[in-house]
Each structure stands twice: as C-alpha cells, then as structure tokens.
Asker: 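Right, I'll just put the structure down here and ask away after.
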Amino acid sequence: MTATSIDIIEDLQSRGLLSQMTSGEELKSVLGQGRTLYCGFDPTAESLHIGSLVPLLTLRRFQNAGHKPIALVGGATGLIGDPSFKASERQLNSTEIVEFWVQRLQSQVSQFLDFDAGDNAAVVVNNLDWVKSTNVLDFLRDVGKHFSVNAMIQKESVKQRLDREGAGISFTEFTYMILQSYDFAELYKRHNCILQIGGSDQWGNITGGIDLTRRMHRAQVYGLTTPLVTKADGQKFGKTETGTIWLDSKKTSPYAFYQFWLNAADADVYTFLRYFTFLSVSDIKEIEAADQASQAKPEAQGILAKEVTRLVHGDEGLSAAQRISAALFSGELGELSEADCEQLRLDGLPSTKVENLPKGIVDALVETGLAKSNKMAREFISNNAVSVNGQRVESDAQTLNIESALFGRYFVLKRGKKLFHLAYTN
RNA sequence: GGAGGGGUUCCCGAGUGGCUAAAGGGAUCAGACUGUAAAUCUGACGCGCGAGCUUCGGUGGUUCGAAUCCACCCCCCUCCA
C-alpha cells in the first residue's frame with residue numbers, strides 16, 4: 001500500500017470527530033502508511049439510522065486518506081445484542097430476521113465505501129463467518145480464558161446494568177464484549193487489521209479487542225472512537241416526531257431526510273457540517289463567519305441538508321427533496337401545475353389515496369396519519385393548525401370534495417407548520 | 001430452593017378501597033413570537049361530537065364500588081443457599 005498524504009488523525013481532530021484513541025502518537029506514526037481498519041455495524045433493524053453515519057463516514061475518511069476499510073456487519077453479534085449503555089436487556093431477534101437485516105445492511109454500508117480503490121478497496125465481512133464454526137469448548141478455552149470477569153464488570157458500558165436497582169444483565173449480553181473482541185483478533189489475523197473505530201459507546205468493547213489481540217496474537221492493535229452526536233438543547237439526536245431518521249429511503253424519504261437536516265439548530269449546524277460532510281474545515285469556518293456577518297437566516301442548514309442528502313440519497317434524491325421543499329415552503333400552492341402535483345407524489349412526499357368523496361376533514365386527517373385520532377384531528381383544527389391546498393380549515397365540518405381539489409384530484413394537507421401530506425383520488 | 005422488593009398511561013415516577021383517566025417531571029404535538037431556528041409564553045397529551053367507554057403485568061374473586069384488598073399465574077430485581 002502506498003504512503004498516505006493526509007494526516008487523518010489531525011483531520012479528525014480538527015473536525016471534532018476524535019473522542020478517544022489508544023496510544024495516540026504511536027497510532028499516528030503507524031498510520032503513516034496505508035493500514036487496514038474496521039468498524040462494526042450490528043443488524044438491529046432493517047436499516048441503519050443517522051446515528052451510524054458518523055462512524056460510517058469516518059471509515060470513508062480513512063479510505064480517502066489511503067487506508068483500507070473493512071465494514072463488519074454483525075451477523076453473530078446481532079444475535080446476541082450489545083448491552084453497552086443500554087438501560088435494559090433487549091429482546092432477542094430470530095435468526096431469520098437477523099440474517100435478512102444483515103443482507104440489507106451489507107448493501108447499505110457498501111454505498112458509502114469505494115470497492116474499486118485498488119490496494120485500499122473496501123471489504124465487507126460478516127462475523128458470523130468465523131463465529132458459527134466455533135464450538136463452545138474451544139471458545140471458552142481459547143478465547144474466554146483471556147478475559148477476567150473482574151475487568152469486564154469494571155467497564156463503564158455495563159456498569160449501570162450492574163449497579164442500577166431494577167436492572168440486570170443476562171449472561172448472553174454480558175458475553176457480547178467477548179464476541180466483539182474476538183472479531184478484532186480475527187480480523188487482525190485474516191486481514192492484518194490494526195485499528196478498530198466506532199462510536200464512543202464502543203470504547204469498552206474496542207479495548208477488549210485490543211487486549212485479546214495482544215494475548216492471542218502478541219500483536220499491538222489500536223482503537224479510536226468518534227463522539228456520540230448530541231444536540232445543544234440536550235434532546236436526543238436523530239429522532240423527530242415521525243420517528244427515527246433512517247438511511248433507507250423507503251423508511252425515511254429523501255424529502256424527510258433533507259428536512260431533518262434543514263431543521264438543525266444554529267447551535268448544532270456547524271458541528272454537524274464537520275461531522276456529516278466532507279467539506280473542509282476551512283470551508284466550514286468560512287460559512288460560519290459569513291452567517292455571522294450576515295445577520296440574516298444562516299446558510300449553513302441549507303448546505304448541510306444538501307450535502308448530507310446527496311451523500312446518502314444521491315443527486316436524484318437530493319433534487320427530489322429540494323423540489324418538494326420548494327413547492328411546499330416557498331411558493332403558493334396554487335401555482336403548482338398538475339404535473340407538479342404528480343411529481344410531489346413520485347418524489348416521495350407522503351401521500352394517501354382517498355376514496356368516497358366528499359370526505360370529512362377529520363376522517364381525512366386520520367386516514368393520512370396527520371392525526372392519530374378523531375379527537376386529535378379536532379384539536380388541531382380548533383388550534384388553526386390545519387390547512388388544505390393552502391386554505392386554513394375553519395371547522396371540523398369541512399370536507400374534501402372534487403370542487404376544491406387541485407386539478408380535480410389533489411389535496412395538499414398541512415398540519416402544523418411543517419408537516420405535509422398529499423391526498424389524491426383517481 | 002429460601003427470604004424480601006417490584007411490574008402504573010411514550011419514559012421516569014406518585015398513588016394503597018370511592019374526591020383518580022389516575023399527582024409531578026421529562027419527551028412529544030399545536031398556537032403566539034420567529035428564520036421551516038433557539039429561547040419564552042399558552043394550550044393539548046387513553047378513546048368518543050357527546051352521554052359515556054376502556055386502562056394501572058395476567059386470570060379469577062371480595063365489595064354498592066378496586067390501580068388500590070384476596071387467590072393463583074407470568075416477568076424483573078436484591079440477598080441467602
């Protein structure tokens with residue numbers, strides 16, 4: 001492998017992406033030439049969400065710097081469940097489901113890495129490949145013997161499960177750390193992988209792997225973690241009213257995804273630009289300075305939304321998201337053409353087919369999911385929070401009917417300031 | 001196996017026979033103000049237009065009336081063996 005020109009550690013540091021690392025100076029010099037590193041992603045759902053984006057993009061940053069990234073999808077660890085900083089024991093998922101999720105994650109993860117990069121082309125692996133052939137006795141004798149339970153229960157990541165009244169941890173989840181550690185040792189053996197990265201909640205598991213690799217293979221390997229993303233107001237990052245922001249466009253449309261980033265708080269947006277885009281730190285500083293000088297609405301959110309949406313959903317997803325956003329937020333809905341309406345639907349604006357017009361507005365809100373119950377629908381209406389085709393709904397007796405539809409078949413329903421839904425008939 | 005503690009509405013957590021759809025906090029949603037921010041204020045937050053109905057791990061029971069009492073069952077935690 002070729003020597004690298006970029007000091008990746010320096011870059012991560014300047015972006016605020018470096019939470020912890022082992023033997024800093026030594027790791028820095030080790031990374032002076034192209035190395036192999038890995039990051040694990042467990043199948044806990046059919047898609048990753050934006051929480052996984054930081055380590056995923058960090059993997060890519062390493063690749064851009066000339067290193068060889070391995071994305072590990074945890075077909076084995078996903079069957080066990082990582083207890084790290086989890087308040088309570090989790091339900092086990094069936095092997096079929098986990099297997100299905102593994103396939104989904106493998107292709108999802110792949111879109112962020114370069115597999116045609118020659119020496120440092122990316123690799124995707126599944127830890128089930130080496131775990132499934134291990135038998136219990138060998139595992140306990142060869143791997144388990146290297147772990148001290150005394151040390152394991154000291155780990156911060158499981159402490160609350162051990163200390164907290166009312167909590168607990170099964171042997172299954174307690175063993176998770178050993179499995180993940182074994183992955184690192186195995187990847188060292190198979191791919192000469194010398195670095196594991198992950199979110200800072202993975203620190204305990206990563207150091208476990210470093211210890212195990214030293215003991216099993218007498219080799220020095222390293223660990224590095226990225227910070228967990230937090231919001232300035234203390235709220236949980238990555239959730240909205242509509243739920244988790246997923247990377248899969250079927251679960252979170254490019255439009256919703258774009259909107260999520262567009263709504264980033266001023267206090268967070270420059271940090272997010274560093275975390276979630278490949279814009280240089282100096283460019284980001286310029287954006288920040290310009291925003292501060294302008295006194296007007298900052299540009300940063302728009303740039304963030306554009307960059308991240310393009311990264312995850314490509315140019316096509318981005319332009320669809322921008323088209324919808326422009327139509328709904330900047331113009332008069334009345335100016336939409338019939339083709340525009342159809343395009344909104346194709347672009348992924350949530351939409352529902354309604355039948356049996358005229359339909360009461362309360363029913364329509366519930367059917368489209370804009371209100372959870374009739375009661376809520378009425379409350380929204382009485383709060384003046386609902387509009388149809390740009391016209392405020394004044395009474396819950398109002399109906400959707402052909403005469404008021406755009407082009408005889410479209411209704412743009414709006415609840416609150418930002419939530420839109422397209423209802424249509426044939 | 002023994003002893004004790006516990007399972008309440010999205011989360012935390014009060015509530016030990018009627019005044020309780022169930023305190024309080026958080027989260028969330030809406031409105032006002034704004035920049036599709038933040039902060040702040042106001043309101044909502046089981047279902048029902050309503051009379052009312054359905055909830056407090058499960059199933060039965062006591063009672064005019066139960067989240068609250070009794071029985072059995074399930075799950076969790078702590079200590080002992």
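So you know, we letter chains A, B, ... as the sequences are listed, proteins then strands, and number each from 1. In what follows, every heavy atom counts, from backbone to side chain, and hydrogens, waters and symmetry copies are set aside.
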Asker: Nearest nucleotide by nearest heavy atom, which residue falls closer to the 5' end of RNA chain B, A:A264 or A:V386?
Answerer: A:V386
Asker: Can you name the nearest heavy-atom pair linking A:A327 to A:L344, along with the distance?
Answerer: CB-CD2, 4.1 Å
Asker: Please report the shortest heavy-atom distance between A:W246 and A:F257, naming the atom on each side.
Answerer: O-CD1, 3.9 Å
Asker: Distance check needed: B:U28 C1' versus A:K418 NZ, whole Å only.
Answerer: 13 Å
Asker: If B:C56 has a Watson-Crick or G-U wobble mate with both distances under 3.5 Å, name it; if not, just say none.
Answerer: none
Asker: For residues 310-322 of chain A, which side-chain N or O atoms pair as donor and acceptor with protein atoms under 3.5 Å away, sequence neighbours left out?
Answerer:
residue, atom, partner, partner atom, Å
A:R310, NH2, A:E307, OE2, 3.3
A:S319, OG, A:D315, O, 3.2
A:S319, OG, A:E316, O, 3.1

Asker: If B:G18 has a Watson-Crick or G-U wobble mate with both distances under 3.5 Å, name it; if not, just say none.
Answerer: B:C64
Asker: Using heavy atoms and a sub-4.0 Å distance, could you list which residues of residues 373-381 of chain A are near RNA chain B? By number, please.
Answerer: A:S373, A:N374, A:K375, A:M376, A:R378, A:E379, A:F380
Asker: Start with the C-alpha gap between A:S170 and A:E89, add the side-chain angles, then the distance that decides, and say whether side chain to side chain donor-acceptor pair (under 3.5 Å) holds.
Answerer: CA-CA 7 Å; A:S170 67; A:E89 187 86 10; 2.4 Å; yes
Asker: B:C11 C1' sits how many Å from A:K86 NZ, rounded?
Answerer: 17 Å
Asker: Under a 3.5 Å limit for both distances, which nucleotide forms a Watson-Crick or G-U wobble pair with B:C29, could you say?
Answerer: B:G43
Asker: For A:K231 and B:A37, what is the distance between atoms NZ and P respectively, to the nearest whole Å?
Answerer: 12 Å
Asker: Is it true that, when you exclude A:K86 itself, more than 12 heavy atoms of the residues, nucleotides or ligands shown sit nearer than 6.0 Å to its NZ?
Answerer: yes
Asker: When you compare B:G13 with B:C77, how far apart are their P atoms, in angstrom units rounded to a whole number?
Answerer: 16 Å
Asker: A:Q322 CD to B:U36 C1': how many Å, rounded?
Answerer: 15 Å
Asker: Distance criterion of 3.5 Å, no angle test: do you see the side chain of A:N383 paired donor-to-acceptor with the base of B:G43?
Answerer: no
Asker: Does the side chain to side chain donor-acceptor pair (under 3.5 Å) test come out yes or no for A:D183 and A:W130, once each step is laid out?
Answerer: CA-CA 8 Å; A:D183 288 343; A:W130 52 85; 2.9 Å; yes
Asker: Have a look at A:Q259 and say if it touches a base, only the backbone sugar-phosphate, or nothing, with a 4.0 Å heavy-atom cut-off.
Answerer: base
Asker: So what does A:A296 hit on the nucleic acid, given a heavy-atom distance under 4.0 Å: a base, only sugar-phosphate, or nothing?
Answerer: nothing
Asker: Looking at B:U36, I'd like to know if its phosphate oxygens (OP1 or OP2) sit under 4.0 Å from a side-chain N or O belonging to A:K297.
Answerer: yes
Asker: Are A:C39 and A:T58 packed together at the side-chain level, in the sense that at least one heavy-atom pair is separated by less than 4.5 angstrom?
Answerer: no
Asker: Does the structure show a Watson-Crick or G-U wobble partner for B:A37, both distances under 3.5 Å? Name it, or say none.
Answerer: none
Asker: Using the benzene-type ring in the case of Trp, are the ring centres of A:F174 and A:F147 under 6.0 Å apart?
Answerer: no
Asker: Tell me: CZ of A:R161 to C1' of B:C76, nearest whole Å?
Answerer: 12 Å
Asker: Nearest of B:G35, B:U36, B:C33 to any side-chain atom of A:K417?
Answerer: B:C33
Asker: Contact class for A:A385 (heavy atom, under 4.0 Å): base, sugar-phosphate, or nothing?
Answerer: sugar-phosphate
Asker: For B:C29, does either OP1 or OP2 sit under 4.0 Å from a side-chain N or O belonging to A:R415?
Answerer: no
Asker: Report the distance from atom OH of A:Y270 to atom P of B:A37, rounded to the nearest whole Å.
Answerer: 16 Å
